[in-house]
Amino acid sequence: MRLDRTCLPADFMQGNFAARVMTADGPSIIGFIGGAAFDMTLKFGTMSRWMESETPAACIRTRGVPMAIDLDALLANSAHDARDPAKPWLLAPIDLQAVKAAGVTYVRSMLERVIEERCRGDASRAEAVRAEVRAIIGDDLANLVPGSAEAMKVKAALVEKGWWSQYLEVGIGPDAEIFTKCAPMAAVGTGSKVGVHPASQWSNPEPEAVMVVNSRGSIQGATLGNDVNLRDVEGRSALLLGRAKDNNASAALGPMIRLFDEGFTLEDVRRAEITLTISGADGFALEERGAVGSISRDPTAIVGQMIGAHHQYPDGAVLYLGTPFSPSKDRGTAGMGFTHKEGDVVRVASPRLGALVNEVDRTDECPPWVFGTGALFASLTRRGLPRP
């Protein structure tokens, strides 16, 4: 794996960014503006606390301490197979925030979930079921507003045909599916391995835009995510969602948080396109793309269902918005669709958010998660951080 400046947003020099970097002293939070680096650890200690600022982008110059950093070396050293642990590398750009995810927020992914359910996790049946589902439902659900009177008419028609599904319920019903992807501090960053449980025979990446939300429910910026999923496990039962979604190294985020400012707003996220590229050690190659804006629920609506009067996150949260697509290109036997293999290099990219790059391995072969909240606070205490 090789990481270089192609992993950065095309307009990196014009934006405001927040990164977490592992150093010899411990994790540090760094702000970038105009390509210049500022140490934010001295004043904030954690990314969570920095995101509590009214305007995090403005804090970079007013509260950050200018620092020298070799960005090319930082990126190169972030690749897990070229990493010198004595030198800095990129971590997932969050720390104490809850890691939440929304599911079934796009028609394409919703239909794939219906397919998983009807296949009971058997990938060999997927293509036949896919054709059957589309013959009944079609793609016209894309224009339905979840929870609307029209959506409820579609629901009634599907129930009458015996084709109602729990995935259609959250796809076009009033309530979004929002679940915990992993524990705080468990996400991995760009260049790290991502894990697939060896018991799974049908797995895939889920490329997503991710909202960075503070404890007041304000969206402060965005990053990219890979919500690694075991399709056969979830297809057996939706009650196995935790088993399908929350495994060692199964949540990737990065490369950095792009902070909202005058030049980058939520509207830019809505207009963004996400590209997924997979390169296998066996020569397999796949490239697909999807528009964030084809989402069925607006990002603000999903965030509003995640946090508010009925649920609080005092350290803030990040929210995967859901994937615009699930790869279905056959890998091997016709009709069996796509599944991961060890050694796959997965690249989730968007021009103004950069590229999140990871290599797939077994969950028990990925580095175990050992640096948690206690380790973070022990490190900050040892360094006397943050300072007034």
task: Show your working on side chain to side chain contact (heavy atoms under 4.5 Å, CB included) between V318 and V213 and close with a plain yes or no.
output: CA-CA 6 Å; V318 294; V213 184; over 6 Å; no
query: Do K87 side-chain atoms and N77 backbone N/O form a donor-acceptor pair below 3.5 Å?
result: no
field: Distance in Å, L385 CG paired with T41 OG1, rounded so as to fall on 0.5 Å steps
entry: 6.5 Å
- prompt: Charged N to carboxylate O below 4.0 Å: is that the case for R216 and E52?
  reply: yes
query: Does the side chain of D25 come under 3.5 Å of the side chain of T23 through a donor N or O and an acceptor N or O?
result: no
- prompt: Under the 3.5 angstrom rule, does the side chain of S215 hit a backbone N or O of D315 as a donor-acceptor pair?
  reply: no
- prompt: Is the number of heavy atoms from other residues, nucleotides or ligands under 6.0 Å of K329 NZ greater than 12?
  reply: yes
field: N16 versus D261, side-chain donor and acceptor atoms under 3.5 Å
entry: yes
query: Quick one: does T105's side chain get under 4.5 Å of S296's, heavy atoms only?
result: no
message: Could you check whether any side-chain heavy atom of R243 comes within less than 4.5 Å of a side-chain heavy atom of H197, counting everything from C-beta outward?
response: yes
- prompt: Does D81 reach the main-chain N or O of M1 with its side chain, forming a donor-acceptor pair under 3.5 Å?
  reply: yes
- prompt: Under 3.5 Å, is there a donor-acceptor pair between the side chain of S203 and the main chain of V196?
  reply: no
query: Is the side chain of D39 donor-acceptor paired with the backbone N or O of V65 at a distance under 3.5 Å, no angle test?
result: no
task: Dump the intermediate steps for side chain to side chain contact (heavy atoms under 4.5 Å, CB included) on L253 and V210, then the final yes or no.
output: CA-CA 8 Å; L253 292 165; V210 181; 3.8 Å; yes
message: Can you tell me if E267 has over 12 outside heavy atoms packed within less than 6.0 Å of its CD?
response: yes
task: Just do the salt bridge (charged side-chain N to carboxylate O under 4.0 Å, His left out) check on R258 and D268 with the steps written out, would you?
output: CA-CA 11 Å; R258 181 152 197 170; D268 291 291; over 6 Å; no
- request: Would you kindly confirm whether V228 and V188 end up in one hydrophobic cluster when ILVMFWY residues are joined by side chain heavy atoms under 4.5 Å apart?
  value: yes
From N229 atom CG to K245 atom NZ, the distance as rounded to the nearest 0.5 Å: 3.5 Å
query: Going only through I, L, V, M, F, W and Y residues with side-chain contacts under 4.5 Å, is there a path from L75 to F32?
result: yes
message: Just so I know, are the side chains of V292 and R271 near enough to count as touching, which here means a heavy-atom distance under 4.5 Å?
response: no
message: Less than 4.5 Å apart, side chain to side chain, heavy atoms only: is that true for M185 and D95?
response: yes
Hydrophobic cluster identity match, L224 and I94, side-chain contacts under 4.5 Å: no
- request: Please work out which of the three classes, parallel, tilted or perpendicular, describes the rings of H340 and F338, given edges at 30° and 60°.
  value: perpendicular
- prompt: Please walk me through it: do K181 and D246 pass salt bridge (charged side-chain N to carboxylate O under 4.0 Å, His left out)?
  reply: CA-CA 6 Å; K181 173 60 181 175; D246 185 7; over 6 Å; no
- request: Could you state whether I30 and M40 fall into the same hydrophobic cluster, counting links through intermediate Ile, Leu, Val, Met, Phe, Trp or Tyr residues with side-chain heavy atoms under 4.5 angstrom apart?
  value: no
message: Hydrophobic clustering (ILVMFWY, side-chain heavy atoms < 4.5 Å, transitive) - are F17 and L356 grouped together?
response: no
- prompt: Checking D70 side chain against A73 main chain: does a donor-acceptor pair fall under 3.5 Å?
  reply: yes
message: Are the side chains of I29 and W50 in contact, using a 4.5 Å heavy-atom criterion?
response: yes
- prompt: Does N214 reach the main-chain N or O of G217 with its side chain, forming a donor-acceptor pair under 3.5 Å?
  reply: yes
query: Would T180 and K100 count as a side chain to side chain donor-acceptor pair (under 3.5 Å) if you check the C-alpha gap in whole Å, the side-chain angles of each, and the deciding distance to 0.1 Å?
result: CA-CA 4 Å; T180 297; K100 309 295 287 187; 2.7 Å; yes
field: Audit row: L8, M256, side chain to side chain contact (heavy atoms under 4.5 Å, CB included) steps and yes/no
entry: CA-CA 9 Å; L8 298 177; M256 302 179 185; 4.0 Å; yes
- prompt: Will you find, in the side chains of S200 and D232, an N or O donor that is under 3.5 Å from an N or O acceptor?
  reply: yes
message: How long is the straight-line distance from CG of N226 back to CG of L276, given to the nearest 0.5 Å?
response: 7.5 Å
T323 side-chain N/O to F325 backbone N/O, donor-acceptor pair under 3.5 Å: yes
message: Run D282 and R331 through salt bridge (charged side-chain N to carboxylate O under 4.0 Å, His left out) and show every step you take.
response: CA-CA 10 Å; D282 57 355; R331 186 176 200 174; 3.0 Å; yes
message: Could you check whether any side-chain N or O of R83 sits under 3.5 Å from a backbone N or O of S78, counting only pairs where one atom can act as donor and the other as acceptor?
response: yes
message: To the closest 0.5 Å, what do you measure between CZ (R20) and OG1 (T46)?
response: 9.0 Å
task: State, yes or no, whether a side-chain contact exists between I302 and P299 at a heavy-atom distance under 4.5 Å.
output: no
query: Is the cationic atom of R63 (NZ for Lys, CZ for Arg) positioned less than 6.0 Å from the six-membered ring centroid of F44 and within 45 degrees of its normal?
result: yes
- request: Please tell me if the side chains of M211 and V269 come closer than 4.5 Å, counting only heavy atoms from C-beta onward.
  value: yes
- request: Show the numbers, then the answer: is there a salt bridge (charged side-chain N to carboxylate O under 4.0 Å, His left out) between E342 and K193?
  value: CA-CA 10 Å; E342 294 167 35; K193 288 184 177 183; over 6 Å; no
message: Are R61 and F38 packed together at the side-chain level, in the sense that at least one heavy-atom pair is separated by less than 4.5 angstrom?
response: yes
message: Using side chain to side chain contact (heavy atoms under 4.5 Å, CB included), reason through Y320 and V99 one step at a time and then give a plain yes or no.
response: CA-CA 8 Å; Y320 287 74; V99 185; 3.8 Å; yes
query: Between the side chains of T275 and R289, is a donor N or O closer than 3.5 angstrom to an acceptor N or O?
result: yes
- prompt: CD of Q305 to CZ of R297: how many Å apart, nearest 0.5 Å?
  reply: 5.5 Å
